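Just below is one structure, and these are the notes that go with it.
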Amino acid sequence: MYSNILIKNLDNFGRGISYINDKIVFIKNALPGEIVDIKITTSKKKYQEAIVTKYHQKSPQRILTKCPYFNKCGGCNLLFFNYLDTLTFKLNKVKDLFTKNNINYTKEIEVIKNTHPFNYRHKLSLKIKNKKIGFYEENTHNLIPINECLLATSPINEVIKNYKLLNISNGDLTIRASSNNEILLVINTPDNNYNIELSKLKSKVKLVGIVYNNKTIYGQNFYYERLRGFLFKISYDSFFQINPYITEELFKLLKSNIKKDSTILELYSGVGTLSLVCASQSKTIYSVEIIKNAILNSNFNAKINHISNIKFMLGDVKNTVSKLNIFFDTLILDPPRKGLDKTTLNFILTKLPPTIIYISCDILTLIRDLKYLEKYYNLQEYKILDMFSYTYHLESFCVLNLR
Ligand SMILES: C[S@@+](CC[C@H](N)C(=O)[O-])C[C@H]1O[C@@H](n2cnc3c(N)ncnc32)[C@H](O)[C@@H]1O
């Protein structure tokens with residue numbers, strides 16, 4: 001236990017920073033300027049982690065959150081801030097990381113706001129343990145039971161409130177929702193038999209399907225989403241952005257940065273979303289994605305949106321790129337959090353396309369990859385999209401130009 005600790009700053013994960021005997025301590029739920037008593041929870045050679053046991057002085061920036069699970073469920077680390085302060089936090093985080101990593105970007109960084117900072121999540125993955133539903137506490141398997149999540153849409157919360165109708169004792173439940181409130185449930189459970197109270201569940205939400213241990217046991221194994229005039233079919237195991245409001249902003253940004261008649265290679269293309277959005281401005285598009293259903297969805301999505309200039313290819317990017325013998329002038333990248341692998345980065349450096357549009361959900365791997373590309377590319381545009389409001393995560397939109 002340590003008393004009267006002054007919080008100096010926030011780290012990249014929204015934790016307070018202080019020092020005890022010159023050793024850094026990361027303190028959950030502690031804001032700069034606050035004076036607190038703390039209890040150390042982890043002690044390592046180079047750092048310590050702690051929780052607050054008493055607040056002596058609170059920050060004027062701190063707000064009272066409506067979420068009863070804040071600081072427990074490990075989800076929204078920034079709920080102690082009002083929305084605009086969360087954006088300032090993200091902006092400062094990026095500026096700080098750019099400075100520390102010598103990323104050369106001198107323009108003002110725009111932060112694109114989420115018009116719905118609450119109830120924006122259209123996908124939520126929950127745990128069910130001993131018939132209780134919730135999230136695991138950070139870095140543990142302790143379930144924090146919840147009745148609702150402030151970030152999720154109201155039909156998703158309706159499923160959570162009625163999860164007992166699923167009669168599941170243990171397992172994972174992923175709830176996916178479309179903008180017109182259709183619900184697809186994906187359940188993975190060691191429970192042997194299902195005994196879902198379907199008619200009661202259907203009276204609560206617009207249920208379109210249930211996939212139970214990879215088998216469709218009700219309705220269909222996909223749902224549709226309509227965004228900016230495009231219709232997308234999305235299978236239960238295919239990626240789709242969780243926040244439709246910011247995804248529409250992403251589409252706008254992308255379109256405005258695609259030159260007319262460009263030839264595009266898109267890597268990590270999901271259900272074809274970004275390629276489809278660029279199709280009308282492009283001559284030809286080649287897209288690569290690893291999930292089979294996502295490629296099937298992509299071909300279907302091209303058809304229903306009357307688009308015929310995209311070739312979707314199934315495969316692991318790192319194995320596929322070396323076999324690609326194509327010309328492209330624009331490369332679109334939207335990898336998962338781990339970013340690009342060495343094979344893909346080297347492929348880029350052998351092809352050197354004039355323009356790269358790099359969309360990233362992890363600022364640290366993005367910076368690592370930008371450093372790899374910086375010998376040949378300038379960072380021309382950089383924007384933050386607030387895809388994951390009230391969490392420390394952020395979506396980045398980058399345009400790189402060949403020098
Ligand atoms: C962040 S999502 C982007 C999807 C799409 N661009 C969109 O906006 O909806 C990343 C995608 O990469 C795919 N993926 C992950 N690893 C991959 C790999 N090694 N090769 C090809 N695709 C991969 C995932 O299945 C997912 O669809």
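Ligands are counted one by one from 1 in listed order, and the atoms in each one are counted from 1 as well. As the structure is a prediction and not an experimental result, all values here were calculated from the model.
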**Asked** Can you tell which part of Thr273 has a heavy atom less than 4.0 Å from ligand 1: side chain, backbone, both or neither?
**Response** side chain

**Request:** Locate the shortest heavy-atom distance separating Ile310 from Ala279; write the atom from each residue and the value.
**Result:** CD1-CB, 4.2 Å

**Prompt:** Hey, would you say the Tyr218 and Tyr212 ring centroids sit under 6.0 Å apart?
**Reply:** no

**Prompt:** Among protein heavy atoms, which sits nearest to atom 27 (O) of ligand 1, and what does the distance come to when rounded to 0.1 Å?
**Reply:** Glu289 OE1, 2.7 Å

**Request:** May I ask whether Lys318 has any heavy atom positioned less than 4.0 angstrom from an atom of ligand 1?
**Result:** no

**Prompt:** Which residue pairs pass the side chain to side chain donor-acceptor pair (under 3.5 Å) test with at least one member in residues 221-231, sequence neighbours excluded?
**Reply:** Ser179-Glu225

**Request:** Give the atoms of ligand 1, by number and element, whose distance to some non-hydrogen atom of Ile291 is under 4.0 Å.
**Result:** 25 (O)

**Item:** Sole residue of Asn301, Val277, Ile304, Thr273 in side chain to side chain contact (heavy atoms under 4.5 Å, CB included) with Phe230
**Value:** Val277

**Message:** Do Leu379 and Cys398 have side chains that approach each other closer than 4.5 Å (heavy atoms only, starting at C-beta)?
**Reply:** yes

**Prompt:** Is Pro335 in contact with ligand 1, taking contact as a heavy-atom separation below 4.0 Å?
**Reply:** yes

**Prompt:** Would you say Cys361 contacts ligand 1, with heavy atoms under 4.0 Å as the rule?
**Reply:** no

**Item:** Residue-ligand contact Gly315/ligand 1, heavy atom below 4.0 Å
**Value:** yes

